[in-house]
Amino acid sequence: LDNFRHINEDLGYLVGDRALRHAVKVLRLELGRDEPLMRVGGEEFVLILRMPLGAAWERMEHLRRQLEAKPFEPGDGLDARPMSFSAGIACSPQDAGQVSGLMRIADLRLNGAKQAGRNRVMARDYH
């Protein structure tokens, strides 16, 4: 999730937990049973998609737009907070054959998406 720490810093960790649940709810409403979403730490998640790279990019881009379209409402008269995410996609066997290699490539691409301005999905390396 992009800049999630600002929600925690501005509104507190309890509201941050509600914002996390909001993001997960929005995404899970779009995901099928065969698309497991797992939290791997803080505001980072892994989504397993069993499809070719191009289709995975389209799927992630759709999910990104869905979350962007549904801001988090913290309540108590506070303004809604837009939410977005950045994503890095890795595909087997093209990028790596083992989970550890896929995670490393996805993380590199995630960092590239963040450096390129956040709120985007990267499925290729750009140099």
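For the ring-ring contact (aromatic ring centres under 6.0 Å, His included) condition, no pair includes a residue of residues 46-65, sequence neighbours left out. Residue pairs meeting the salt bridge (Lys or Arg N to Asp or Glu O under 4.0 Å) criterion with at least one partner in residues 39-67, sequence neighbours excluded, are E35-R59, E61-R64, E61-R65, R64-E68. Among residue pairs with one or both ends in residues 74-94, none qualify as ring-ring contact (aromatic ring centres under 6.0 Å, His included); sequence neighbours excluded. Within the structure, salt bridge (Lys or Arg N to Asp or Glu O under 4.0 Å) contacts touching residues 97-120 (residues at least two apart or in different chains) are D95-R109, R109-D125. Among pairs with a residue in residues 92-116, none fulfils ring-ring contact (aromatic ring centres under 6.0 Å, His included), at least two apart in sequence or across chains. The ring-ring contact (aromatic ring centres under 6.0 Å, His included) pairs that include a residue from residues 88-121 number zero, where partners must be two or more places apart or lie in different chains.
For the residue pair A19 and F4, the shortest heavy atom distance occurs at CB-CE1, 3.8 Å. Nearest approach of N119 to S86, heavy atoms of both residues: N-OG, 3.1 Å. Nearest heavy atoms, G101 versus A96: C-CB, 3.5 Å. Among all heavy-atom pairs drawn from A80 and P74, the shortest one is CA-CD, 4.0 Å.
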List, one per line, each side-chain donor-acceptor pair under 3.5 Å for residues 21-29, sequence neighbours excluded.
residue, atom, partner, partner atom, Å
H22, NE2, K70, O, 2.7
R28, NH2, L37, O, 3.1

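Clustering ILVMFWY residues whenever any of their side-chain heavy atoms sit less than 4.5 angstrom apart, transitively, puts F45 in a cluster other than the one holding M122.
To the nearest 0.5 angstrom, L14 atom CG is 11.0 Å from L11 atom CG. The distance from the OG atom of S92 to the CD1 atom of I105 is 11.5 Å, given to the nearest 0.5 Å. Going from atom OH of Y13 over to atom CG of L20 covers 12.0 Å, rounded to the nearest 0.5 Å. Interatomic distance, S84 OG to N3 CG, rounded to the nearest 0.5 Å: 7.0 Å.
Checked against side-chain hydrogen bond (donor to acceptor under 3.5 Å, both in side chains), R81 has the following partners two or more places apart in sequence or in another chain: D10. Partners of A55 according to the side chain to side chain contact (heavy atoms under 4.5 Å, CB included) rule, which considers only residues two or more places apart in sequence or in another chain, are M51, P52.
Residues L47 and L63 form a side-chain contact, since some pair of their non-hydrogen atoms from C-beta on lies under 4.5 Å apart. Side-chain contact between R124 and L53: present, with at least one pair of heavy atoms (C-beta onward) separated by less than 4.5 Å. A heavy-atom distance below 4.5 Å is found between the side chains of M60 and L49.
Hydrophobic clustering, defined by side-chain heavy atoms of Ile, Leu, Val, Met, Phe, Trp and Tyr closer than 4.5 Å, groups V99 together with M38, V40, V46, I48, M103. Side-chain heavy-atom separations under 4.5 angstrom define the hydrophobic clusters, and L110 shares its cluster with no other residue.
Enclosure of atom CD in Q94 by more than 12 non-hydrogen atoms of other residues, nucleotides or ligands within 6.0 angstrom is indicated. In this structure, D79 places its CG atom where only 12 or fewer heavy-atom neighbours from other residues, nucleotides or ligands lie under 6.0 Å away.
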